[in-house]
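Input: a single structure, listed below in structure tokens.
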Amino acid sequence: MSKMLELKNIDTYYGNIQALYNVSLHINHGEIITLIGGNGAGKSTTLMTICGVLSPRNGSVVYEELDITGMKAEKVVSRGICQVPEGRLIFPELSISENLDMGAFLRKDKDGIKHDRNYAYELFPILYERRKQMGGNLSGGEQQMLAIARALMARPRLLLLDEPSMGLAPLIVKQIFEIITKINKESGTTIFLVEQNANLALKIGHRGYVMENGKIVMTDTCDTLLANEDVKRAYLGL
Amino acid sequence: MNSRGQAAACPLIVYGNRIGTLMEYFLELFFGGLTRGSIYALIALGYTMVYGIIELINFAHGEIYMIGAFTGLIVAGVLGALGFPGFAILVLAVIVAVIYSAAYGFTIEKIAYKPLRGAPRLSPLISAIGMSIFLQNYVMLAQTSDFLPFPSLIPEFKIPGLTGIITSSEVVIVAVTVVVCVALTLFIKYGKLGKAMRATAQNRKMAQLVGISVNTVISATFVIGSSLAAVGGVLIASHIGQINYYIGFIAGIKAFTAAVLGGIGSIPGAMLGALILGLTEAFATGYVSSDYEDVFAFALLVLILIFRPAGIMGKQPTQKV
Ligand SMILES: Nc1ncnc2c1ncn2[C@@H]1O[C@H](COP(=O)(O)OP(=O)(O)OP(=O)(O)O)[C@@H](O)[C@H]1O
Ligand SMILES: [Mg+2]
């Protein structure tokens, strides 16, 4: 397996407040990588740094052998990195089908977009039923589905998911995780999954990283992490 | 003559320097109100679009309108001297004014607002006021502080049945505004950039994450808003017949009122607010007294804001997510 994305010694700041300390990690083609950590650990900051919404003060982000550190967000997206951000960030006053269209904003292949829209509706039939409704009128779970579907509309090669299980009923979470696995298997999309629901995330992931106070403190295969005593105590509530 | 004859049953009244029926007087006020409303709309759209995207009240927007009018005056002067026909002068004056004002709007955003993105909200507001004062003084020094006569660029033509009630320049102003508003609405609803503007207004961070260049969207918003103001500037200057460096301040305040009335940030709101404000002022002036024009405008504003604090079509606070 070859490296798709690599973070090398990243320090990211909000103004003068440092949020990431010397973060290094890598993602290989086709993997599902899990990043777990408590509140305020720096998980979302890591994703925003990858996407170009935040620029690191030190270190570099390398994607497909190209240094994309400090590249503008729209350029990063155009290279195939797509994020489903924390809190879903639906466009509340665009209809569901318009929300999906926005996901394909940078694409020009009309037929491909149509095909992908149908695929999204197949994955999430509820979105098809509600396609004319405003995004803001969906329930939390439906909004999460819409956010994932919208990201898929960009045909990402690397999909970043920030706490897709947050605030959802266990049954919906299970569905969403099944779909994440399916996207990875069927389209070969590489996935970087940030989660507080460590148990589920470590079960579907291949390798995992544990983050605390802006630092990566542990990394291993997900099976090993699941069996690790410290991880069990801190993140699995065992 | 013959159309007057049919109205013989109606009482005649004296208004202005003319005599006519109550109905004719009403229509004259109505079309005057539509014309005012049109100009307010062309300016108010710029305020509301910019506010929708970056939550800034662009106080320099009135000056963009004023610069449009001055550009129109210069173009009209040059082309008039070269012997161009009236209608060609009007079209070219509008085009050049649009280009000039758009360039000013674009540049103002880059130098006065963009560096302050992320600063406390008061900072860009103060920068906007500074820009407004700077542009007024710049035009005053470069041109003059006196009123300058503006040639009547809109050709005279007769409107069957409404002669003396509506002038050709009123017809042109209203028609141009209607066309512009329809085009803008379609562009925002279906255009790629239009959709990007709506998405950016609703959630800027997410807009970035789907690959929208927020800088481009913001610049486009200033360019479109400034262009509309320039169209308004040339048309109204030709209608009224004189301009000075201060016209942007007065028109700007009124148009801003219209935008707030309709719900700042809402495009249809700005159109509706402008229409209501224009008609209210026209009827208040015509039936009560021209001294009360502004009193009525602001009384209306206060009244509407009491019942709908976010304006007629604005997002009411309870709906805020
Ligand atoms: N916009 C911001 N301005 C200043 N500090 C911020 C900002 N966003 C996050 N932080 C700080 O950066 C640190 C990391 O935050 P981050 O959002 O990355 O955590 P997280 O791991 O995603 O947490 P959670 O699981 O609660 O979402 C926290 O200490 C947080 O307070
Ligand atoms: Mg987070």
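Each chain gets a letter, A, B and so on, in the order the sequences are listed, and its residues count up from 1. Note that the structure is predicted; figures quoted are calculated from it, not measured.
Rounding to the nearest 0.5 angstrom, the gap separating the NZ atom in Lys195(B) from the CG atom in Asp101(A) is 4.5 Å. Between atom CD of residue Gln202(B) and atom CD1 of residue Ile90(A) there is a gap of 11.0 Å, rounded to the nearest 0.5 Å.
With a threshold of 4.5 angstrom between heavy atoms, Arg79(A) does not approach chain B through any atom at all. Interface remark: Ala196(B) contributes backbone and side-chain atoms alike to the contact with chain A (heavy atom separation under 4.5 Å). With a threshold of 4.5 angstrom between heavy atoms, Asn99(A) does not approach chain B through any atom at all. When heavy atoms are compared at a cutoff of 4.5 Å, Met48(A) approaches chain B solely by way of its side chain, counted from C-beta outward.
Within 6.0 Å of atom CG in Asn213(A), 12 or fewer heavy atoms from other residues, nucleotides or ligands are found, so the atom counts as exposed in its surroundings. Within 6.0 Å of atom OH in Tyr190(B), 12 or fewer heavy atoms from other residues, nucleotides or ligands are found, so the atom counts as exposed in its surroundings. Other residues, nucleotides and ligands contribute at most 12 non-hydrogen atoms within 6.0 Å of the OH atom of Tyr100(B). With a 6.0 Å radius and a threshold of 12 heavy atoms from other residues, nucleotides or ligands, Phe249(B) has its CZ atom at or below the threshold. Within 6.0 Å of the CZ atom in Phe106(B), the count of heavy atoms belonging to other residues, nucleotides or ligands does not exceed 12. Heavy-atom neighbours of Tyr128(A) OH from other residues, nucleotides or ligands within 6.0 Å: at or below the threshold of 12.
Of the candidates Met102(A), Glu98(A), Glu93(A), Glu98(A) is the only one forming a side chain to side chain contact (heavy atoms under 4.5 Å, CB included) with Arg198(B).
For chain A, the option among Ala199(B), Ala207(B), Ala201(B) with the highest count of heavy-atom pairs below 4.5 Å is Ala199(B). Of the residues considered (Arg88(A), Lys75(A), Arg150(A), Gln83(A)), Arg150(A) shows the highest number of contacts with chain B, using heavy-atom pairs under 4.5 Å.
Here the side chains of Lys72(A) and Ser213(B) are not in contact, with every heavy-atom distance at 4.5 Å or above.
Taking every heavy atom of both residues into account, Val210(B) and Phe105(A) meet most closely at O-CB, 3.8 Å. Smallest separation of non-hydrogen atoms from Gly211(B) and Leu106(A): O-CD2, 3.4 Å.
Sorted by first and then second residue, the side-chain hydrogen bond (donor to acceptor under 3.5 Å, both in side chains) pairs with a member in residues 152-164 of chain A read Ser44(A)-Asp162(A), Glu64(A)-Arg157(A), Asp116(A)-Arg155(A); sequence neighbours excluded.
Phe222(B) meets the ring pair (Phe, Tyr, Trp, His ring centres under 6.0 Å) test with Tyr113(B); sequence neighbours excluded.
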